[in-house]
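Residue indices begin at 1 and follow the sequence shown.
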Amino acid sequence: ENNLVRQLGDHESIYDHETLNGNILLSRVLKISMPKQYSINASIVNKALEIWIKRHPLLQSYIHREREDNLEDIKIKSPKYFVYMNKSISEYNNIEYLTTKGDSNSSIRLLENEFIQPFDNINGPLWRMKIIKIEEDTKEESGDDENRYDFIFSVHHGISDGRNCFTIMQQFFNILGCLMQDTTCEDMNGEIEFPKHCAEYLFDELKKRPNFVHSKAEYQNLDN
């Protein structure tokens, strides 16, 4: 029970059902550049990841389901729970470091491959990251001022959506940048406040409030 994060909501369960059947996976390529005096290595990335995942319980979680002997037969709305993995980031085994020449199609090919690679649906984690250093083909192309990287971030749709993917990755980059420059930022300050219930439950509770707005017309009338 101490490992329980919370129960999945209806929408999260639907996304999990689709993921188990190979239908939905969110994956993004984020391109960054930095002065040549800075470079990315496993040690500093792991430090950033440790801080980052502590802020987001679902990045530390797997999904516990009723039947794990045949995942494809699990009913969409059968009880499912986010549960903490209780592992160090070094045990996640979901970070891959690659180097590629300055071919703009290299990351696209890697991204396409992401869509057919399943997560560990039993043990987690529910996300993974590829960090690709871009090396130019010639000295003239490389210049002297920047190192370039592509980050491919893939998540189970039950723990993130399109906008959230970019938001939490921006937080990760902020943390990584601060560690590289030996500074701090707000995104390094502990765990965010995380709801104990799913969105559907919170919305139902909100509707019980006496001042809840039930329709678009009522909402518009608030300004009049």
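A donor-acceptor pair under 3.5 Å is formed between the side chain of Q60 and the backbone N or O of I53. Between the side chain of N147 and the backbone N or O of Y38 there is at least one donor-acceptor pair closer than 3.5 Å. In this structure a side-chain-to-backbone donor-acceptor pair under 3.5 Å is present from K36 to E146. Using a distance-only test at 3.5 Å, with no hydrogens or angles considered, no donor-acceptor pair links the side chain of D187 to the main chain of I175. In this structure, the side chain of N41 engages the main chain of S43 through a donor-acceptor pair within 3.5 Å. A donor-acceptor distance shorter than 3.5 angstrom exists from the side chain of N21 to the backbone of H17, with no hydrogens or angles considered. The backbone N or O of Y15 sits nowhere less than 3.5 Å from a side-chain atom of E18 that would complete a donor-acceptor pair. Using modelled atom types, no side-chain atom of R6 and backbone atom of F194 make a donor-acceptor pair closer than 3.5 Å.
When each of K130, M129, R128 is paired with N94, the side-chain contact (heavy atoms from CB on, under 4.5 Å) condition holds for R128 and for no other.
In this structure, L25 and F119 have side chains that are in contact, with non-hydrogen atoms separated by less than 4.5 Å. Using a 4.5 Å heavy-atom threshold, the side chains of M188 and L179 count as touching.
Taking each heavy atom of P57 and Y84 in turn, the nearest pair found is CB-OH, 3.5 Å.
Residue pairs satisfying the side chain to side chain donor-acceptor pair (under 3.5 Å) criterion with at least one member in residues 148-163, sequence neighbours excluded, are listed as follows: D16-H156, S27-S154, K31-D150, S107-D150, E114-S154, E136-R148, S160-N164. Applying the side chain to side chain donor-acceptor pair (under 3.5 Å) test to pairs two or more places apart or on separate chains, those with a residue in residues 46-56 are H56-Q171.
Checked against the 6.0 Å centroid criterion, the rings of F173 and F151 qualify as a close aromatic pair.
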